[in-house]
Each structure stands twice: as structure tokens, then as C-alpha cells.
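Excluded from the calculations below are hydrogen atoms, water molecules and symmetry mates; all remaining heavy atoms, backbone and side chain alike, are included. Just so it is clear, the structure is predicted and the values come from calculations on it, not from any experiment. A, B, ... follow the sequence lines: proteins, then strands. Residue 1 opens every chain.
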Amino acid sequence: MPIKVENLSFVYNEGTPYATVALNNVTFEIQDEEFVGIIGHTGSGKSTLIQHLNGLLKPTSGKIYINGVDITDKKVSLKDVRKEVGLVFQYPEYQLFEETIFKDIAFGPTNLGLSEEEIEKRVYEAMDIVGISRELADKSPFEVSGGQKRRIAIAGILAMKPKILILDEPTAGLDPKGKEEILNKIKEIHDKYKMITILVSHSMEDIARFADKIIVMNKGRIEVIGTPREVFREAEKLEKIGLGVPQITSLARELQKKGVAIPEDILTIEEAKEYIVRYLRGTKNV
Amino acid sequence: MEHVINTQNLSFEYHAEEQTRHLVLKDINLQFEKGQFIGIIGHNGSGKSTLAKHFNALLLPTEGKVYVKGMDTKDTNHLWDIRQAAGLVFQNPDNQIVAAIVEEDVAFGPENLGIPPDEIRERVEYALKAVGMWEYKDYPPHMLSGGQKQRVAIAGIIAMKPECIILDEPTAMLDPIGRREVISTIKKLNKEDGITVILITHFMEEVVDADRVIVMDDGKVVLDGTPKEVFKEVTLLKKIGLSVPQVTELAHQLKREGFDVPLDILTVEEMVEFLCR
């Protein structure tokens with residue numbers, strides 16, 4: 001279910017004195033099974049962009065094709081679009097509302113008009129995927145920890161079996177451990193179900209490890225797009241817009257400037273270590 | 001000399017329903033010097049926010065004592081003096097702004113202290129200038145970014161002329177730019193205005209420059225020292241679910257490979273200097 005966005009522009013409060021251009025001529029494509037990171041600071045347009053992908057916002061101009069169908073066309077049923085494109089908002093735990101965890105996760109699939117057996121099957125499956133014990137099904141979603149709440153909220157989207165899963169800053173406000181858990185879970189889900197996964201984040205470190213492709217947004221435009229390595233080669237550009245690169249990438253760049261044989265597009269500590277060990281052994285032998 | 005904050009065998013338990021007792025803080029003894037920048041780190045549930053709430057009498061110890069500028073937090077006669085001396089800034093910028101205009105919000109604290117209007121005006125101006133938000137004094141708070149709102153919240157505390165500001169994950173909900181604004185504001189208040197800062201955070205890089213870093217786990221203080229002393233303990237930090245800066249991790253991995261690397265490297269500059277000396 002590939003996504004193609006063409007010349008997408010969006011203006012908030014168009015025709016009023018408060019008109020703000022949130023997206024300015026954005027064009028990109030996402031292929032099946034891709035894991036895409038969207039990064040940019042507040043106000044860069046990243047949340048506005050993802051809200052277009054399941055029809056929550058209508059473009060001021062431009063086209064959005066999902067599986068070849070232009071979802072900006074008035075004739076397209078948005079209900080069908082939302083069946084395929086699951087969007088997990090920021091702080092999704094604030095959207096939990098049902099009496100029990102089961103009912104909360106079942107809300108989406110119930111609205112899809114599925115049979116009771118199918119709903120039950122999907123709810124339990126989704127709970128398994130996010131790692132919420134089935135024994136908790138009848139508990140109130142408000143009695144569990146913050147990390148669990150967030151996973152329940154994600155399960156609610158997964159139970160709709162989206163072909164495209166979009167998550168808006170799923171690790172915001174979590175501690176390093178909770179962050180790791182959620183990110184690894186998302187990666188696991190992506191690897192198992194092969195749905196297109198779009199992860200919106202502030203953190204380069206988070207995105208660098210998992211993404212096949214990174215889209216860097218700035219002032220409503222795409223500033224850089226490419227593989228993590230391609231994107232991090234633009235470190236100066238990223239720093240200028242206040243994003244920066246992972247600390248380890250910035251170390252590699254500094255070392256390269258000093259004449260150490262190390263590529264500037266290092267992404268992980270392990271990679272850096274390999275080159276630095278070689279460098280250290282080399283200088284010792286001289 | 002009197003400590004700004006002094007805890008003596010502080011323990012605290014939450015009483016959930018039924019008879020379940022949940023010990024959140026266990027025998028904490030900490031003394032904070034005036035003018036210091038102190039970082040407190042720990043994962044969710046380690047007790048660090050509960051500890052912070054004891055520093056201005058929002059919570060009272062189940063056992064032990066907490067003194068703020070020598071005043072016992074259990075002594076209700078001193079409640080307002082304690083809250084004036086030690087101000088608390090929370091995580092969510094949207095939950096702590098009360099007024100419809102920035103300067104009114106900052107005036108809220110001093111108004112409640114019963115300060116004369118002229119002096120309130122002076123204090124609001126001073127506080128908003130201190131956090132770099134004076135030019136936004138007439139703005140409605142909802143027009144501000146998250147980082148700006150947090151700075152307004154900090155100004156609200158500054159206007160009460162506290163000895164000490166306690167910030168409970170003030171940057172957790174902010175983007176990198178907002179985070180930088182807030183952290184540089186806090187550092188300036190500490191360095192230039194001599195305000196004692198206690199910063200509770202998940203982000204190690206925010207406490208790299210602190211005078212002292214305290215690590216909490218399971219309601220206890222497990223590490224207490226300078227950033228270099230604390231971040232050396234990579235194995236322990238990782239065990240309790242915390243992360244260290246990537247270059248620190250790299251230093252430890254190089255050490256394991258048999259290289260003589262100092263284990264207290266925290267920044268890119270230090271690593272480059274070591275490798276290229």
C-alpha cells in the first residue's frame with residue numbers, strides 16, 4: 001500500500017489574518033514495508049503532515065495517493081482510508097475512555113462492524129502484540145501504569161489491522177527504559193507484519209537505528225530526505241535547524257576533521273568502535 | 001551553615017486501597033548547599049518526583065524530617081515561607097499556567113504572598129526578563145510554544161524570590177529547541193542569580209554540567225557525586241534502566257578492548273582530545 005504525496009500544501013485559517021502556511025509544496029513517496037522516520041521540531045509541520053495521511057486534514061492544494069487512490073478526492077470514503085491508515089496520536093493514553101481494557105481496544109474494530117468473534121480475536125491478538133497480559137482485559141485502563149496505558153492505546157489501533165501505522169512521538173515523556181521498550185515493540189511489529197510504519201520523533205538517536213528512510217521537516221518543507229546515513233551527512237544543515245545528529249555521529253565527524261580514518265556517517269557506537277580500535281592500534285604500531 | 005534543603009532519614013509510603021502499603025522513599029539523607037546545581041536522575045517509579053514534592057511540603061514524610069532553610073516541613077506555621085523559599089516547576093507546561101495573560105500569570109504567586117502592587121510589578125518585570133520572556137508579557141499563554149510556557153512557569157517561581165527552584169522533568173514534553181531554551185534559562189538563574197537549582201530529569205546531557213548528580217532507584221539514593229563520578233558507573237546505570245552519553249558508553253567499550261581510556265569522558269570534545277592528543 002505505497003504512499004505518494006505530490007506538491008502538498010496546507011494553510012491554517014486560510015483567508016483570515018491568522019493564515020499560517022503549515023506545509024509548503026511537500027512531495028515524497030513511501031514504498032511497501034518501509035520504516036520511515038519523520039523528524040523536525042515543534043511547528044515544522046510534521047504533525048500536520050501525518051494528519052493528512054489518514055484524511056483528518058484536507059490539503060489546501062496537492063494530492064495524496066494511497067495505494068494509487070487519491071484520498072483528497074471527495075468521492076473517496078474516509079472511513080475506508082482510516083481502516084487502512086492507523087494513527088496513534090501523541091500521549092495516546094489520554095484518549096483511553098472505556099470501563100475495561102478489553103472494551104477500549106475493541107472500540108475501533110467494533111466500529112468497523114466486525115463480528116463479535118472477530119473482535120475478540122483481534123483484541124486479544126493486539127494485547128499479545130503490545131505485551132499486555134490477557135488477564136488484565138477486565139481491568140480499568142486507568143488502573144495501570146503510564147507505559148501500559150500507552151501500549152493499550154497502541155493496541156486499540158493495531159486491532160484495526162492497519163496497513164499503514166503512523167505514530168506521533170510514541171516515546172514522549174517516557175524514561176530511557178520505557179522508551180526502549182516501546183521502540184523495540186514498534187520495530188518488532190513492523191518486522192512481523194510488514195506494514196508501512198511511520199514514526200514521528202524529535203530524537204535522532206531513536207530514529208537512526210530503525211528507519212529505512214528519514215524525512216526532515218523544517219518550516220513546512222522537506223529539508224532533507226534519504227537513508228539515515230544520507231541524512232546525517234547533512235549534519236551542518238540539521239544543526240542549523242536545531243536538530244543535531246546523534247552524539248556518536250558528531251564524534252565521528254570531529255575525528256574525521258582531525259584526520260582519523262573514520263566515515264562521517266557513523267550511526268552506532270559499535271560502528272564507531274570498530275574504526276577507533278583500528279585507529280588506536282594503527283597509531284600504536286607506528 | 002544552614003542547608004537550603006536537608007532531609008533526615010526521610011521515608012514515605014503511599015496507602016493504596018485496602019491494606020497495601022507502598023514504600024516509595026526509603027531512608028533518604030540529603031543536604032543541599034546554597035547556590036548549587038543539583039541533578040536528580042532515575043527511571044519512572046524510582047521515587048524522584050515523590051522526593052521533589054517533599055522539598056516544598058506538597059508531601060510530608062511518613063518517617064523522618066525534611067527541613068527547608070531550617071524550617072520543618074511538618075510545621076504548618078511555616079508552610080507559606082517554605083513554598084516561597086522552594087518553588088516547584090512541573091513537567092506539563094499546560095497544567096501550571098493559571099492566567100489569561102503572561103504577566104498576570106507571573107504575578108499570581110507574589111499576589112498570594114500579599115506583596116504591594118508596585119513591588120509585584122517590579123518582580124514580574126525582573127522575573128520575565130530573567131527568563132527572556134519580557135517581550136511576551138502581554139501574550140495569552142496559549143500563543144506560546146512549550147518551551148516559552150515553561151519559561152513563564154519558571155518566571156512565576158522567580159517572582160516569589162525563592163532560594164531554590166525544583167524542576168520536575170521540565171523538558172520531558174519539549175522539543176530540542178524548547179529543551180535548550182529551558183536548560184539555558186535554568187543554568188543562567190543558577191550562575192548569575194545564585195539560585196539553587198534541583199533538576200529532576202531523564203536526560204543525562206542536562207546534568208553533565210551540574211555540581212552534583214544524585215541517582216535514585218527503588219526509592220533509594222544509589223549514586224551521589226560529581227557528574228564524572230556518577231557517569232563512570234555505566235554498568236550500574238544501565239542495570240537500573242538509565243542511559244549514559246554515547247561517548248561514555250564508547251569509552252567503556254574501548255576499555256574492554258584493552259585500551260587505556262579514561263572512563264569519565266562525557267562529551268565529544270573530551271573524546272576527541274583523548275583520541276587525538
Between OG1 of A:Thr268 and CD of B:Glu249, what distance do you get to the nearest 0.5 Å?
-> 11.0 Å
Kindly compute the distance separating CG (B:Leu250) from CD1 (A:Ile276), expressed to the nearest 0.5 Å.
->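 Output value for this atom pair is 4.5 Å.
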List the residues meeting side chain to side chain contact (heavy atoms under 4.5 Å, CB included) with [X], not counting sequence neighbours, and say none if there are none.
X        : value
B:Lys232 : B:Leu263, B:Asp264
B:Leu23  : B:Glu13, B:Lys26
A:Ser44  : A:Lys46, A:Met217

Residue-level contacts of residues 247-254 of chain A with chain B, using a heavy-atom cutoff under 4.5 Å | A:Gln247, A:Ile248, A:Ser250, A:Leu251, A:Glu254
Under 4.5 Å, counting heavy-atom pairs only, tell me which of B:Val272, B:Val247, B:Asn92 racks up the most with chain A.
->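 The residue among B:Val272, B:Val247, B:Asn92 with the greatest pair count is B:Val247.
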Residues, nucleotides or ligands: over 12 heavy atoms within 6.0 Å of [X] [atom1]:
X        : atom1 : answer
B:Lys188 : NZ    : yes
A:Arg221 : CZ    : no
B:Tyr139 : OH    : no
A:Lys240 : NZ    : no
B:Glu273 : CD    : no
B:Lys238 : NZ    : no
A:Lys258 : NZ    : no

Tell me, side chain or backbone of [X] under 4.5 Å from chain A's heavy atoms, or both, or neither?
X        : value
B:Ser243 : both
B:Arg179 : neither
B:Ser46  : neither

Side chain / backbone / both / neither for A:Lys273 at chain B, heavy atoms under 4.5 Å = both
Checking A:Ile241 against chain B: side chain, backbone, both or neither under 4.5 Å from a heavy atom?
->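 Contact with chain B involves the backbone of A:Ile241 alone.
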After noting the C-alpha distance and the side-chain angles of B:Phe259 and A:Val277, does the key distance pass the side-chain contact (heavy atoms from CB on, under 4.5 Å) rule?
-> CA-CA 9 Å; B:Phe259 295 103; A:Val277 165; 3.7 Å; yes
